[in-house]
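The structure appears right after this line, and notes come after that.
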Protein chains: 2
Amino acid sequence: MQASLHFKRQVIIMKKEQYTQYSFLLDRTARRVKQYAQTAFSQKSFDITIDQWSILKALYNKDQMTHKELAEKTGKDQPTLTRIVDIIIKKELVERVGHPADRRCLLIQLTTNGKKKVKELSPEIAQIRMKAWENLSEEDFKNFTRILNTIYDNLNIHEKQKENYD
Amino acid sequence: MQASLHFKRQVIIMKKEQYTQYSFLLDRTARRVKQYAQTAFSQKSFDITIDQWSILKALYNKDQMTHKELAEKTGKDQPTLTRIVDIIIKKELVERVGHPADRRCLLIQLTTNGKKKVKELSPEIAQIRMKAWENLSEEDFKNFTRILNTIYDNLNIHEKQKENYD
DNA sequence: CAGCAATTATTAGTATGACAAGTAAAATTA
DNA sequence: TAATTTTACTTGTCATACTAATAATTGCTG
């Protein structure tokens with residue numbers, strides 16, 4: 001009986017340690033995916049980073065967005081977004097425009113140059129991104145998406161907002 | 001026939017775009033997991049970051065490791081590791097010792113203080129880490145691990161080394 | 001409408017991540 | 001054994017992530 005309890009506790013501890021392993025795996029894989037794409041970007045002299053690209057791409061489907069909208073869309077926080085936008089403004093790919101109704105807001109939009117870049121690079125980048133997902137089935141993608149979303153929701157900082165919905 | 005081909009191409013394009021979505025989800029989730037733990041660390045005044053913790057934890061199971069070993073174990077590159085070690089040395093949690101046989105190497109080991117910290121925080125941190133993995137089944141963990149490893153291997157930069165094994 | 005609270009964006013500070021270049025020591029080889 | 005290559009670590013630079021603090025503006029409320 002004692003031994004059995006002891007064993008059970010051991011299993012629980014091992015289980016807990018395993019969760020740390022999952023976090024490690026997740027982090028490692030995300031970094032590798034990013035790094036792989038970034039290396040390809042550099043080799044092909046796209047002169048742009050993954051994160052800068054995600055901003056351009058988001059703008060391409062929407063014409064104009066405020067910092068806040070862009071941050072939400074691309075999953076970045078506002079300070080990070082401000083800096084990335086600064087960089088791609090220097091590269092003359094986007095421009096800031098005042099918001100007509102709210103002087104606090106700034107609208108970001110692609111320049112002609114920026115639009116051209118998105119159009120040109122889109123297919124190549126889609127190709128690069130695909131590499132990560134070889135040897136996986138439709139079923140895998142479904143599960144993967146569900147699991148990632150579950151994790152995300154488990155840690156949802158704004159959960160209380162959800163509760164207000166009902 | 002034309003229409004069918006057109007439709008097929010559309011599907012392929014949508015498929016490619018979806019891969020970018022997976023990358024986004026992966027990145028976003030990994031950041032959230034890290035951020036959640038970091039916030040908990042701060043609230044509990046652990047006075048340490050996730051990445052610093054992973055170094056301490058690795059050392060706890062091994063007594064001494066060189067920078068190189070530590071970097072591999074924790075999945076960090078050497079410059080990053082050097083900097084993290086610098087920080088936790090300042091915090092007096094680890095110390096650098098010369099390698100007896102190879103003067104290029106430096107061995108890192110926990111101080112008494114560091115060992116105490118690991119022992120004290122381990123259970124609390126395991127608890128924090130668990131939160132992310134709620135609402136998931138054993139089957140999910142198995143799939144998740146397999147999928148992450150598949151992705152990692154798909155992008156393995158050192159693949160050629162594998163080929164040398166046979 | 002005056003004062004206060006909330007919102008939007010920026011700036012500053014710290015930490016991590018990736019890559020390139022540099023230094024010192026060991027291992028290899030001619 | 002001298003010269004070359006490899007290995008281990010460090011430093012520098014740029015980009016991103018997150019927090020906190022600040023400035024400007026808007027919206028709300030008494």
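Side-chain atoms are counted along with the backbone in the values below, which use heavy atoms only and exclude waters and symmetry mates. Protein chains get the first letters and strands the later ones, always in sequence-line order, with residue 1 at the start of each.
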Base, sugar-phosphate, or nothing: which does A:R28 touch, judged by heavy atoms less than 4.0 Å apart?
-> nothing
Between OG of B:S42 and CD1 of B:I48, what distance do you get to the nearest 0.5 Å?
-> 11.0 Å
Is the backbone of B:K76 close enough, under 3.5 Å, to the side chain of A:R28 for a donor and an acceptor to pair up by distance?
-> no
Check whether A:L155 and B:L26 end up in the same hydrophobic cluster, where Ile, Leu, Val, Met, Phe, Trp and Tyr are linked by side-chain heavy atoms less than 4.5 Å apart.
-> yes
Which whole-number value in Å describes the distance from A:M65 CE to C:dT8 C1'?
-> 16 Å
Which whole-number value in Å describes the distance from A:Q78 CD to C:dA12 P?
-> 17 Å
Would you indicate what B:T66 reaches in the nucleic acid, counting non-hydrogen atoms under 4.0 angstrom: base, sugar-phosphate, or nothing?
-> sugar-phosphate
Contact letters for nucleotides 15-21 of chain C, in which S counts primed atoms plus P, OP1 and OP2 and B counts the base, heavy atoms under 4.0 Å = SSBBBB-
Earliest and latest nucleotide of DNA chain D, 5' to 3', sitting under 4.0 Å from a non-hydrogen atom of chain B?
-> D:dT7 to D:dT19
side-chain contact (heavy atoms from CB on, under 4.5 Å) between B:W133 and B:F144, worked out = CA-CA 11 Å; B:W133 314 101; B:F144 192 56; 3.5 Å; yes
Parallel, tilted or perpendicular: which describes the rings of B:F141 and A:Y22, with under 30° parallel and over 60° perpendicular?
-> parallel
Answer with yes or no after comparing the ring centroid distance for A:F24 and A:Y19 against a 6.0 Å cut-off, counting only values under it.
-> no
Just jot down the side chain to side chain contact (heavy atoms under 4.5 Å, CB included) partners of A:T82, sequence neighbours excluded, or say none.
-> A:H67, A:D86, A:R96
Nearest-Å distance, CD1 (A:I108) to C1' (C:dT10)?
-> 12 Å
A:K34 meets the side chain to side chain donor-acceptor pair (under 3.5 Å) criterion, sequence neighbours left out, with A:D51
Could you tell me whether B:R146 and A:D140 have a side-chain N and a carboxylate O separated by less than 4.0 Å?
-> yes
Quickly, which of B:V97, B:V94, B:T66, B:L81 forms a side chain to side chain contact (heavy atoms under 4.5 Å, CB included) with B:I108? Name it, please.
-> B:V94
Ignoring backbone atoms, establish whether A:T82 has a side-chain N or O less than 4.0 Å from OP1 or OP2 of C:dT10.
-> yes
Separation of C:dT8 atom P from A:R104 atom CZ, nearest Å, is 6 Å
Name the residue closer to the 5' end of DNA chain C, choosing between B:D102 and A:D102 according to the nucleotide with the nearest heavy atom.
-> A:D102
Just jot down the salt bridge (Lys or Arg N to Asp or Glu O under 4.0 Å) partners of A:E120, sequence neighbours excluded, or say none.
-> none
Angle of first-five versus last-five pair axes in the helix from C:dC1-D:dG30 to C:dA30-D:dT1, to 10 degrees = 10°
